[in-house]
Amino acid sequence: MQQQDVEQLVERVAQKLGRGLSLEDLDGLLLAYSSNQSHADRVRVNFLLSKRVPVDVSAWQLSHGISTAVRPVVIPANPELGMLGRVCVPLMVRGFRVGYLWVQQDSEDENPTAILTQLPEVNHEIELLSGLLLDSNTAESEFRRGREREFLAACSGEANAVAAVAGWKEIQGKGPWQMVTVLDADGWAGGSDPIASTLIHRSAALQATIGVDVALFSAGTETHSVVLFKESTGRASHAQVLVHYQLELAKRSGRPVHRIILGISEGFARPRDFAEAYRQSKVAAQAAAVDQQLGELVDCRTTGIYQLLASAGGGAGAWADSGSVYIRILEDHDRNGELIPVLELVYDNDGAVQDVADKLHLHRSSVYNRLGRIRALLGVDPLKGMPRLELHAALKMRRWAGRPRI
């Protein structure tokens with residue numbers, strides 16, 4: 001958000017209406033205000049000086065329903081607070097609340113209808129203003145940050161957080177759900193500033209899910225984002241989030257983003273399964289990051305042996321050495337990387353040599369030749385029985401060892 005653009009828009013609206021305006025975020029922090037105000041009351045003066053809405057004034061405003069309103073709300077005068085009447089304009093973008101624009105009455109006797117009648121004249125400016133706020137302050141709202149922390153705590157299995165999140169209006173009664181991990185396959189490690197990395201993921205997830213009805217809530221971490229979806233068999237909404245997330249992440253990080261992955265859990269109907277669903281979604285995203293054949297929209301159940309490797313646990317060095325003698329022999333003799341990639345593709349393509357040749361831009365005879373070299377090195381047929389099982393599993397272990405640490 002460009003502060004100058006916001007201030008200019010507020011000033012333009014004030015001039016069109018001929019009234020004093022102030023703009024605040026969802027936490028009651030002053031973002032901008034107009035210069036023209038012939039009858040500034042005590043509340044406005046104190047607000048402009050302190051930059052924050054006082055607790056008693058906030059309570060008065062909230063008591064009139066501004067936090068849930070989607071249309072302008074008339075706030076009557078309050079002589080005890082030294083406050084003239086006002087009209088609160090909730091700033092919304094596709095149903096998402098981003099802030100409030102306040103229009104003060106000029107006197108106690110003025111009818112607020114006069115303000116309400118004028119507002120349609122500045123609809124365009126209000127829409128522009130809402131868009132600028134959406135680009136910044138929603139992800140930074142303390143209320144939003146608190147909810148994201150609680151959501152991530154629920155994903156970690158904290159009982160109190162699970163109970164709290166289960167009662168949120170956007171989640172309660174909306175099950176069964178799916179947990180989704182959104183991962184930048186190449187840039188997951190982030191930058192040197194973990195706070196900035198977290199904010200980037202939070203903002204990208206928030207922007208990417210606005211207007212997607214089945215995306216119920218999102219949160220960001222230093223390495224990835226987490227989104228709670230309403231369970232569905234289709235993936236159109238997931239694909240929409242993927243595309244928008246990639247664009248938003250590139251815009252916020254200032255670097256190219258080549259591959260975004262959505263790891264999708266099994267559906268679940270009990271809030272106490274948040275943690276298990278989150279684990280499943282992370283496994284799916286990690287597996288797709290190291291094995292591109294899985295694609296970008298990845299259900300946990302389709303990740304095969306990676307589910308087993310994940311359930312076996314292990315630290316950062318786990319699976320770096322599969323313990324397979326056959327794999328060690330191949331690694332020692334495959335200095336040019338000609339044998340192992342062919343063998344893994346043959347396994348992954350059910351032995352379809354022509355498909356492997358097409359993917360590697362080789363002739364079929366070249367694939368057969370390399371399989372023959374492998375057979376000669378190992379002294380066994382790599383496409384049959386236990387040697388095949390051992391080799392295929394060991395190759396997937398090598399990949400899993402390089403998974404994103406999220």
Peer 1: Would you compute the distance between atom NE2 of H224 and atom OG of S197 and round it to the nearest 0.5 angstrom?
Peer 2: 13.0 Å

Peer 1: Is there a donor-acceptor pair closer than 3.5 Å between any side-chain N or O of R86 and the backbone N or O of L84?
Peer 2: yes

Peer 1: Looking at T221, is its backbone amide N or carbonyl O close enough to the side chain of H201 to form a donor-acceptor pair, meaning the two atoms are under 3.5 Å apart?
Peer 2: yes

Peer 1: Taking L21's backbone N and O only, do any of them form a donor-acceptor pair with S34's side chain (distance below 3.5 Å, no angle check)?
Peer 2: yes

Peer 1: Check M179 against Y278 and note the closest heavy-atom contact, atom names and distance.
Peer 2: CG-CA, 3.8 Å

Peer 1: Among Q307, Q280, E266, exactly one meets side-chain hydrogen bond (donor to acceptor under 3.5 Å, both in side chains) together with R301. Which residue is that?
Peer 2: E266

Peer 1: L152 and G220: which non-hydrogen atoms are nearest, and at how many Å?
Peer 2: CD1-O, 3.8 Å

Peer 1: How long is the straight-line distance from CG of L91 back to CG of D25, given to the nearest 0.5 Å?
Peer 2: 11.0 Å

Peer 1: Keeping the roles fixed (side chain from S50, backbone from R52), state whether a donor-acceptor pair exists under 3.5 Å.
Peer 2: yes

Peer 1: Could you check whether any side-chain N or O of Q207 sits under 3.5 Å from a backbone N or O of H244, counting only pairs where one atom can act as donor and the other as acceptor?
Peer 2: no

Peer 1: How long is the straight-line distance from CG of L9 back to CG of L23, given to the nearest 0.5 Å?
Peer 2: 9.5 Å

Peer 1: Of all the heavy-atom pairs spanning V165 and F151, show the shortest one and how long it is.
Peer 2: CG2-CA, 3.9 Å

Peer 1: So I305 and W400, side chain to side chain contact (heavy atoms under 4.5 Å, CB included) or not? Walk me through it.
Peer 2: CA-CA 10 Å; I305 194 172; W400 186 246; over 6 Å; no

Peer 1: Kindly give the heavy-atom pair with the smallest separation between V10 and A32, and that separation in Å.
Peer 2: CG2-CB, 4.0 Å

Peer 1: Give every residue pair that meets the side chain to side chain donor-acceptor pair (under 3.5 Å) criterion with at least one member in residues 55-79, sequence neighbours excluded.
Peer 2: none

Peer 1: Going by heavy atoms in the side chains, are L183 and P404 under 4.5 Å from each other?
Peer 2: yes

Peer 1: Would you mind reporting whether V182 and L249 have side-chain heavy atoms less than 4.5 Å apart?
Peer 2: no

Peer 1: Walk me through whether E150 and R147 qualify under salt bridge (charged side-chain N to carboxylate O under 4.0 Å, His left out).
Peer 2: CA-CA 5 Å; E150 194 163 44; R147 281 165 65 86; over 6 Å; no

Peer 1: Is there a side chain to side chain contact (heavy atoms under 4.5 Å, CB included) between V367 and L360? Walk through the geometry before answering.
Peer 2: CA-CA 9 Å; V367 176; L360 294 177; 5.6 Å; no

Peer 1: Identify the residue among L242, D213, V212 that makes a side chain to side chain contact (heavy atoms under 4.5 Å, CB included) with S237.
Peer 2: V212

Peer 1: Looking just at side-chain N and O atoms, do S203 and E248 make a donor-acceptor pair shorter than 3.5 Å?
Peer 2: no

Peer 1: Whether E121 and K16 form a salt bridge (side-chain N of Lys/Arg under 4.0 Å from carboxylate O of Asp/Glu) is what I want to check.
Peer 2: no

Peer 1: Kindly indicate, with the supporting measurements, whether the criterion side chain to side chain contact (heavy atoms under 4.5 Å, CB included) is fulfilled by V257 and Y245.
Peer 2: CA-CA 10 Å; V257 177; Y245 190 92; over 6 Å; no

Peer 1: Sub-3.5 Å donor-acceptor pair from the side chain of R272 to the main-chain atoms of A159, do we have one?
Peer 2: no

Peer 1: Would you indicate whether Y33, at its atom OH, is surrounded by more than 12 heavy atoms from other residues, nucleotides or ligands within a distance under 6.0 Å?
Peer 2: no

Peer 1: Would you find a donor on one side and an acceptor on the other, under 3.5 Å apart, between the side chain of D334 and the backbone of I340?
Peer 2: yes

Peer 1: Is it true that a side-chain atom of K230 and a backbone atom of K174 form a donor plus acceptor pair closer than 3.5 Å?
Peer 2: yes

Peer 1: Return yes when atom CG of N123 has more than 12 non-hydrogen atoms of other residues, nucleotides or ligands closer than 6.0 Å, and no otherwise.
Peer 2: yes

Peer 1: More than 12 foreign heavy atoms under 6.0 Å from CD of Q354: is that the case here?
Peer 2: yes

Peer 1: For the residue pair F229 and H238, does the interplanar ring angle fall in the parallel (under 30°), tilted (30 to 60°) or perpendicular (over 60°) class?
Peer 2: parallel

Peer 1: Whether the T181 and S281 side chains hold a donor-acceptor pair (N or O, under 3.5 Å, no angle test) is what I'd like checked.
Peer 2: yes

Peer 1: Are M397 and I327 close enough, and set up right, to give a side chain to side chain contact (heavy atoms under 4.5 Å, CB included), and what steps lead you there?
Peer 2: CA-CA 11 Å; M397 289 179 192; I327 280 293; over 6 Å; no

Peer 1: Decide, yes or no, whether a salt bridge links R145 with E148 under the criterion of side-chain N to carboxylate O below 4.0 Å.
Peer 2: no

Peer 1: What are the two closest heavy atoms between I374 and L339, and how far apart are they?
Peer 2: CD1-O, 3.7 Å

Peer 1: With a sphere of 6.0 Å drawn around CD1 of I195, does it hold more than 12 non-hydrogen atoms of other residues, nucleotides or ligands?
Peer 2: no

Peer 1: Could you tell me whether R255 and D186 make a salt bridge, using a distance below 4.0 angstrom between a side-chain N and a carboxylate O?
Peer 2: no

Peer 1: Any Lys/Arg nitrogen of D291 or K396 sitting under 4.0 Å from an Asp/Glu carboxylate oxygen of the other?
Peer 2: yes

Peer 1: What pair of heavy atoms forms the shortest contact from F47 to E24, and how long is it?
Peer 2: CZ-OE1, 3.9 Å

Peer 1: Can you sort out the partners of R388 under side-chain hydrogen bond (donor to acceptor under 3.5 Å, both in side chains), two or more places apart, ordered by chain and number?
Peer 2: none

Peer 1: D348 and H392: side-chain donor and acceptor closer than 3.5 Å?
Peer 2: yes

Peer 1: Roughly how far, to the nearest 0.5 Å, is CG of L343 from CG of L383?
Peer 2: 7.0 Å

Peer 1: So, the side chain of Q118 versus the backbone of L17: is there a donor-acceptor pair under 3.5 Å, distance only?
Peer 2: yes

Peer 1: Would you kindly check if the NZ (Lys) or CZ (Arg) of R144 is within the cone defined by 45 degrees around the ring axis of F217 and under 6.0 Å from the six-membered ring centre?
Peer 2: yes

Peer 1: May I ask you to decide if Q286's main-chain N or O and R403's side chain share a donor-acceptor pair within less than 3.5 Å?
Peer 2: no

